[in-house]
Amino acid sequence: MKLTSVALAVGLVVSIIAARAQNATTVRAFEVASVKANDSGDFRRAIGPGPGGRFQALNNTLRELVTYAYGVDMARAGLQVTGGPPWMDRDRFDVDAIAPVGTATPAEIRDMVRALLIERFELQAHRETRELPTYDLVVDRRDARTPAGLRTSTIDCEARRAARRGGPPPVAPPGPPPNPETIRPVCGLRQTPARLAGDAVTMPQLASALGPPSGRIVFDRTGLSGYFDVDLAWIPGQEQQSRPDGAPIPAVDPSMPLIFTAIREQLGLRLEGSRAPVEVVVVVSAEHPSGN
C-alpha cells in the first residue's frame with residue numbers, strides 16, 4: 001500500500017513537471033533577434049510589430065519594452081510598471097526581431113518580446129493587483145456652454161483605418177523629421193509635459209493620457225461616447241519639471257493653470273479622487289543585455 005502511494009505521488013510530480021514543460025514550450029521565441037544600446041542622444045522613439053512577424057523598437061527604455069511586453073497602455077508606463085534598476089528609464093535600446101516563418105498575432109509578438117527580455121536582460125518580473133489611489137474623469141459642466149478644448153469630432157476613424165488596411169502604408173515626406181510639438185495627430189493624441197492635443201479621441205483614450213500629468217491612473221466615468229477633438233494646455237507641476245530619461249522639457253506658458261484647473265476650464269471635465277484595484281507589473285531585477 002505504501003509503495004503504491006509513493007508510486008502515485010511520484011507519478012503526480014512527473015505529470016506536473018511535464019505539464020509545466022509543455023506550457024513553457026507553447027510560447028514561441030523569435031527566430032532572429034538583435035538588441036543593441038542606442039547612444040544617439042535622440043529622444044524620438046518607436047515601438048511595435050511590423051508585417052511578416054517582425055518586431056522593432058527604436059530608442060526605447062527598458063521600462064517601455066516591459067510595458068509593451070506585458071500589454072500595458074504605454075501612457076501608463078510610469079504608473080503601472082514599478083521597480084527595476086536605476087537605469088531602467090535612462091538607457092535606451094534598439095530591438096529588431098523576426099518571428100519564425102508564418103504570421104504571428106499581436107499577443108504572440110508580446111509573448112515573444114517578454115521571452116526576449118527574460119533571455120537578454122535577465123528580466124524577473126510579475127503581475128500583481130494593488131489597491132491604489134486613482135482619479136475618475138467626470139463631467140463638470142452640465143450647462144449648454146461648450147468648452148473650447150473639447151469638441152465633438154466629425155472624423156470617421158473607422159473609415160480611415162479601413163482605408164489604411166486596404167492600401168499601401170503612408171510614405172514619410174522627404175526632409176528632416178517634423179517637430180512633434182507642431183503635429184496634431186488624427187485619431188489619436190500627442191502629449192508633452194505641458195500640452196495634449198488630438199482629433200477624434202475617445203474618452204477612455206483621454207482618461208489614460210491624463211494619468212501621467214495627474215500622477216494617478218485615471219478611469220473614464222464621463223458617460224460620453226463617440227469621438228472628440230481635444231486641446232489642453234497647462235503648466236507642469238514640480239514632479240514634471242524633470243524627466244528620468246534626460247529629455248529636455250519644452251518651454252511652457254507660465255500663465256497656464258495647473259492640470260486640474262485646466263481640465264475643468266478647458267474641457268468642462270474634472271478629476272475626482274478615488275481608489276481602485278489596479279494590475280501592476282513589478283520588475284524585481286534586470287541586467288544590461290550581454291549582446292546579440
Identify every side-chain donor-acceptor pair in residues 66-74 under 3.5 Å, counting partners at least two apart or on other chains, and give the distances.
{"unit_1": "T67", "atom_1": "OG1", "unit_2": "R63", "atom_2": "O", "d": "2.7"}
{"unit_1": "D73", "atom_1": "OD1", "unit_2": "A75", "atom_2": "N", "d": "3.0"}
{"unit_1": "D73", "atom_1": "OD2", "unit_2": "S208", "atom_2": "OG", "d": "2.5"}

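Residue L79 is not grouped with residue V283 when hydrophobic side chains (ILVMFWY) are merged at heavy-atom distances under 4.5 angstrom, including chains of intermediate members. Neither V201 nor Y227 shares a network with the other; the hydrophobic side chains, linked directly or stepwise wherever heavy atoms of I, L, V, M, F, W or Y lie under 4.5 Å apart, form separate groups for each. There is a path of hydrophobic side-chain contacts, each under 4.5 Å, that joins V230 to L224. Cluster annotation: V139 and F260 are assigned to the same hydrophobic cluster (Ile/Leu/Val/Met/Phe/Trp/Tyr, side-chain heavy-atom contacts under 4.5 Å, transitive). Using a 4.5 Å cut-off between side-chain heavy atoms of Ile, Leu, Val, Met, Phe, Trp and Tyr, with links allowed through other members, L132 and L137 fall into different hydrophobic clusters.
In this structure, D231 pairs ionically with R195, as a charged nitrogen and a carboxylate oxygen lie closer than 4.0 Å. At a threshold of 4.0 Å, the pair R130-E128 counts as salt-bridged, since one of the basic side-chain nitrogens sits closer than that to a carboxylate oxygen.
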- Kindly indicate, with the supporting measurements, whether the criterion side-chain hydrogen bond (donor to acceptor under 3.5 Å, both in side chains) is fulfilled by S153 and D229. CA-CA 5 Å; S153 180; D229 298 339; 3.0 Å; yes
- Dump the intermediate steps for salt bridge (charged side-chain N to carboxylate O under 4.0 Å, His left out) on K36 and D96, then the final yes or no. CA-CA 9 Å; K36 297 180 180 179; D96 192 359; over 6 Å; no
- Evaluate the criterion side-chain contact (heavy atoms from CB on, under 4.5 Å) for residue pair F121 and L65; output intermediate values, then yes/no. CA-CA 11 Å; F121 288 84; L65 292 170; 4.3 Å; yes
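Checked by atom type and distance alone, the side chain of W234 pairs as donor or acceptor with a backbone atom of P193 at under 3.5 Å. Proximity of a side-chain donor or acceptor of R120 to a complementary backbone N or O of A33 within less than 3.5 Å is detected.
The closest side-chain heavy-atom distance from T134 to V218 is not below 4.5 Å. A 4.5 Å side-chain heavy-atom check between R54 and Q56 finds at least one atom pair inside the cut-off. Inter-residue side-chain proximity for L269 and V138 is flagged as unmet; no heavy-atom pair is nearer than 4.5 Å. In this structure the side chain of F55 reaches within 4.5 angstrom of the side chain of V95, judged on heavy atoms. In this structure, the side chains of D91 and L62 stay at 4.5 Å or more apart for every pair of heavy atoms. Q266 places none of its side-chain heavy atoms less than 4.5 Å from the side chain of L150. D199 is not listed as a side-chain neighbour of F228, based on a closest heavy-atom distance of 4.5 Å or more. Within the 4.5 Å cutoff, no side-chain heavy atoms of R45 are placed close to those of L58.
The salt bridge (charged side-chain N to carboxylate O under 4.0 Å, His left out) pairs that include a residue from residues 277-286 are R127-E279, where partners are two or more places apart or lie in different chains.
The shortest non-hydrogen separation linking P257 to E265 is CG-OE1, 4.1 Å.
A cation-pi arrangement is found for R76 relative to F219, the charged atom lying closer than 6.0 Å to the ring centre and inside a 45° cone about the ring normal.
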